[in-house]
Student: 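For reference, the structure I am asking about is given below.
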Amino acid sequence: MAKLTSRSDDYSKWYNELVVQADLAQHSDVKGCMVIKPYGFAIWEKMRDVLDGMFKETGHQNAYFPLFIPKSYMSKEAAHVEGFAKECAVVTHYRLMNDPNGKGVVVDPDARLEEELIVRPTSETIIWNTYKNWIQSYRDLPILVNQWANVVRWEMRTRLFLRTAEFLWQEGHTAHATKEEAVAETEQMLRVYADFAENWMAMPVVKGVKTESERFAGAEDTHCIEALMQDGKALQAGTSHFLGQNFAKAFDVKFQPKEGKMDYVWATSWGVSTRLMGALIMTHSDDKGLVLPPKLAPIHAVFVPIYKGDEQLAQIREKGEAICADLRKAGLTVKLDDDDSKRSGWKFAEYELKGVPVRIAMGPRDMENGTVEIARRDTGEKELVPLDKAAAHVAALMDEIQDKLVNKARTYRANHTTKVDDWDTFKDVLENKGGFIEAHWDGTPETEDKIKNETKATIRCIPYDSIEEQGKCVYTGNPSRRRVLFAKAY
RNA sequence: CGGGGCGUAGCGCAGUCCGGUUAGCGCACCUGGUUUGGGACCAGGGGGUCGCAGGUUCGAAUCCUGCCGCCCCGACCA
């Protein structure tokens, strides 16, 4: 196995190699699409299961809507079409035939669809077209539905997990009787995402609201969580949209309230995708490979025997199995790797590459002393632990590593968040230090656009916790009442 | 869509300029043996429509024409 490119040599190359070498995913033969391999999918499954539980706890139910959307639906909400039209895959035919001129098959020209179908880039349109028939009265509200699905956005440039033509995600779509309730739902789900990011992914995020130009196509407001990667670039890790009555009006979804006249329904939608995998990778991993927070690691600990001959292996394996059994009782997933075709050194490197949080090694010396060597992936520290304390020690390490990772990421973010009040410093910090920049902005899309064109930095969000203060726009000098968060972004 | 690179064994590549034994190397794989506290070693072995389609030639991975695909860098996006 080749050595990884180091992060300092070429961060982007490091990421690409890591994803492939750690066996998370690979490029498929289809342009822009990826194959998520079992080890990568195991992480995604954990994320999915935890999030799914959180959605259920907040009262949501899962459902499933079609992959295909009639073309005409897309055009019903003006801003929505405009946002997605450029990246839609379109189904025009429904049949193949043998090529009359030779080998292979061709599209049967007689099998043209009357109305072309769009492969969903997101499902607002088909869902709201469906909700129309589900909703008559306030008694039918709220509708709190989520779906786990794949979507397709025909991207020019793709990167494994971060941006692929097809990706997996969940999309929540809710319908409410009042604006207040819909706004509350939007904010609630953003808090769910932030909670997941920080407490499961060990990835600190900034909660905030997008500016008009970064808003979801068709939304009144887009709330987001923004994380900071190790190369100083920001990554949008989840979004929650307050859709107002835009889709209700576009699809004519009205309800009869308890009192008063028919009114349009209020909507939200919210989603996170396999992009979270990219965020997870880039938040914690190092030049040796993946570093995974224990709460999302498919394997918590691996036991590696070091031995000469079958007899010694049998003795060590017996001890190892006892430790593994204790750990399983404690709810951990453990692997005892007694594969004789690989040497211990190879296994050490391999499990480091794959980010297994803890490694337990035991050799003849340990057998004599009644110890095992316990190594943690995040710090690389090794210590000798008495056999009878091994399981408890490993179990305790899980919490410790989880905490350490989130604290390390918080420290990194704090060190890479800079308050800036003048334009030269802004450019300098962005160029030489990277990270988040807290600066005043005059609130106009024009200024935002100019800053973007000159520096590639965008406003990631207006943080929830930004305090009101008098200031001057870092670019125009015009008055501003709060700082916003700038960064170069993925 | 612009710029660059690449397509030869599962992966990574050499060979292509200047056509000529049976297309080669490393890793991986299979068999046997020796090894085993940080990516072992020896011996033997299997595996190829040289991206596709035409053409030139006695002869094409190599030359010509056309096509297809992918990766990287830019403009757009989760």
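Just so it is clear: chains get the letters A, B, ... in the order the sequence lines come, proteins before strands, and each one is counted from 1.
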Student: Could you measure between the two P atoms, the one in B:G59 and the one in B:G45, and give it in whole Å?
Tutor: 35 Å
Student: Round to a whole Å and report the spacing from CG of A:Leu162 to P of B:C76.
Tutor: 18 Å
Student: Kindly point out which of B:A78, B:C77, B:U35 is positioned nearest to the side chain of A:Glu87?
Tutor: B:C77
Student: Under a 3.5 Å limit for both distances, which nucleotide forms a Watson-Crick or G-U wobble pair with B:C77, could you say?
Tutor: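 Paired with B:C77, as far as the under-3.5 Å criterion goes, is no nucleotide at all.
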Student: Compare side-chain N and O positions of A:Arg343 against OP1 and OP2 of B:A40 and report whether any pair is under 4.0 Å apart.
Tutor: yes
Student: Short question: side chain of A:Arg359, backbone of A:Phe303 - any donor-acceptor pair under 3.5 Å?
Tutor: no
Student: Below 4.0 angstrom, N of the basic side chain to O of the carboxylate: do A:Glu226 and A:Lys210 qualify?
Tutor: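 Salt bridge present between A:Glu226 and A:Lys210.
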Student: Using atom CD of A:Gln21 as one end and atom P of B:G10 as the other, report the distance to the nearest whole Å.
Tutor: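 A:Gln21 atom CD is separated from B:G10 atom P by 19 Å.
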Student: Quick one: does NZ or CZ of A:Arg377 land under 6.0 Å from the six-membered ring centre of A:Tyr351, within 45 degrees of the ring axis?
Tutor: no
Student: Using atom NZ of A:Lys86 as one end and atom C1' of B:A75 as the other, report the distance to the nearest whole Å.
Tutor: 11 Å
Student: Could you let me know what B:G66 is paired to, Watson-Crick or G-U wobble, both distances under 3.5 Å, or none if it's on its own?
Tutor: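 B:C52 - that is the nucleotide pairing with B:G66, both distances being under 3.5 Å.
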Student: Identify, with sequence neighbours excluded, every residue that meets side chain to side chain contact (heavy atoms under 4.5 Å, CB included) alongside A:Gln147.
Tutor: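 Scan of A:Gln147 (side chain to side chain contact (heavy atoms under 4.5 Å, CB included), adjacent residues dropped) gives A:Tyr64, A:Phe65, A:Arg120, A:Ser123, A:Ala149, A:Glu171.
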Student: Checking contacts here: which listed nucleotide (B:G37, B:A78, B:A75) is nearest the side-chain heavy atoms of A:Lys456?
Tutor: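 It is B:A75.
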Student: Is a salt bridge present between A:Arg7 and A:Asp286, judged by a nitrogen-to-oxygen distance below 4.0 Å?
Tutor: no
Student: If we call it a pair only when both distances are under 3.5 Å in a Watson-Crick or G-U wobble match, what pairs with B:C29?
Tutor: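 Paired with B:C29, as far as the under-3.5 Å criterion goes, is B:G45.
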Student: For A:Gly309, report the nucleic acid contact type (base, sugar-phosphate, nothing); a contact means any heavy atom under 4.0 Å.
Tutor: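 Result for A:Gly309 = base.
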Student: Considering only B:G38, B:U36, B:C76, which nucleotide approaches the side chain of A:Ile306 most closely?
Tutor: B:U36
Student: Using atom CG of A:Asp23 as one end and atom P of B:A28 as the other, report the distance to the nearest whole Å.
Tutor: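 The distance from CG of A:Asp23 to P of B:A28 comes to 16 Å, rounded to the nearest Å.
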Student: Provide the Watson-Crick or G-U wobble partner of B:A23, both distances under 3.5 Å; none if there is no partner.
Tutor: none
Student: State whether A:Asp195 and A:Arg191 are salt-bridged, where the test is any N-O pair (Lys NZ or Arg NE/NH1/NH2 against Asp/Glu carboxylate O) under 4.0 Å.
Tutor: no
Student: Enumerate the protein-to-nucleotides 68-72 of chain B contacts in which both atoms are nitrogen or oxygen and the separation is below 3.5 Å.
Tutor:
| unit_1 | atom_1 | unit_2 | atom_2 | d |
| --- | --- | --- | --- | --- |
| B:C70 | OP1 | A:Lys31 | N | 2.7 |
| B:C71 | OP1 | A:His27 | ND1 | 3.3 |

Student: Counting only side-chain heavy atoms from C-beta out, which of B:A78, B:C29, B:G37 sits nearest to A:Lys342?
Tutor: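 Among B:A78, B:C29, B:G37, the one nearest the side chain of A:Lys342 is B:C29.
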Student: Counting heavy atoms from C-beta on, name the nucleotide in B:U35, B:G37, B:A40 closest to the side chain of A:Arg365.
Tutor: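 Per side-chain heavy atoms of A:Arg365, the pick is B:G37.
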Student: Tell me if the side-chain of A:Lys382 makes a donor-acceptor pair with the base of B:G38, cut-off 3.5 Å, by modelled atom types.
Tutor: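 Side chain to base: pair found, below 3.5 Å.
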Student: Which whole number of Å gives the distance between the P atom of B:G39 and that of B:G5?
Tutor: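 Nearest-Å result for B:G39 against B:G5 at atom P: 39 Å.
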Student: For A:Trp346 and B:C41, what is the distance between atoms CH2 and P respectively, to the nearest whole Å?
Tutor: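 One finds 15 Å between P of B:C41 and CH2 of A:Trp346, rounded.
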Student: Show your reasoning for whether ring pair (Phe, Tyr, Trp, His ring centres under 6.0 Å) applies to A:Phe486 and A:Phe426.
Tutor: CA-CA 10 Å; A:Phe486 286 92; A:Phe426 186 98; 5.1 Å; yes
Student: May I ask you to say whether A:Glu166 pairs ionically with A:Arg153, meaning some side-chain N is under 4.0 Å from a carboxylate O?
Tutor: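 Result for this pair is no, no salt bridge flagged.
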Student: Atom CG of A:Asp339 to atom C1' of B:C29: distance rounded to whole Å?
Tutor: 14 Å
Student: How far, in whole Å, is B:A78 from B:C6 if one measures between their C1' atoms?
Tutor: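 Here B:C6 and B:A78 have their C1' atoms 29 Å from each other.
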Student: Consider the side chain of A:Gln236, meaning its heavy atoms from C-beta on, and name the nucleotide among B:U36, B:A78, B:G38 that approaches it most closely.
Tutor: B:A78
Student: On a whole-Å scale, what distance lies between the P atoms belonging to B:A75 and B:G10?
Tutor: 37 Å
Student: The side chain of A:Pro364 lies closest to which of these nucleotides: B:C29, B:A78, B:G37?
Tutor: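 Output: B:G37.
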Student: Could you measure between the two C1' atoms, the one in B:A9 and the one in B:C29, and give it in whole Å?
Tutor: 11 Å
Student: Establish, for the pair A:Lys207 and A:Tyr464, whether the NZ or CZ atom is under 6.0 angstrom from the six-membered ring centre and no further than 45 degrees off its axis.
Tutor: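 Not satisfied by the 6.0 Å and 45° rule.
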Student: For B:C42 versus B:G37, give the span between their C1' atoms, rounded off to a whole number of Å.
Tutor: 23 Å
Student: Just by modelled atom types, is the A:Phe55 backbone N or O under 3.5 Å from a matching donor or acceptor in the A:Thr58 side chain?
Tutor: yes
Student: Pick the C1' atom in B:G48 and in B:G7, then give their distance to the nearest Å.
Tutor: 15 Å
Student: Can you measure A:Trp270 atom CH2 to B:A78 atom P for me and round it to whole angstrom units?
Tutor: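 My rounded result for the distance is 19 Å.
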Student: Just the rounded figure in Å: distance from P of B:G12 to NZ of A:Lys13.
Tutor: 13 Å
Student: Does OP1 or OP2 of B:U36 have a side-chain N or O of A:Lys308 closer than 4.0 Å?
Tutor: yes
Student: Between B:A78, B:U35, B:G38, which nucleotide has the shortest distance from any of its atoms to the side chain of A:Arg163?
Tutor: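 Of the candidates, B:A78 comes closest.
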Student: Heavy-atom nearest nucleotide on RNA chain B for A:Tyr307 versus A:Phe167: which residue maps closer to 5'?
Tutor: A:Tyr307
Student: Between B:A78, B:G39, B:G37, which one does the side chain of A:Ala361 approach most closely?
Tutor: B:G37
Student: Between B:G32 and B:G24, how far apart are the two P atoms, rounded to whole Å?
Tutor: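 One P to the other, the span is 27 Å.
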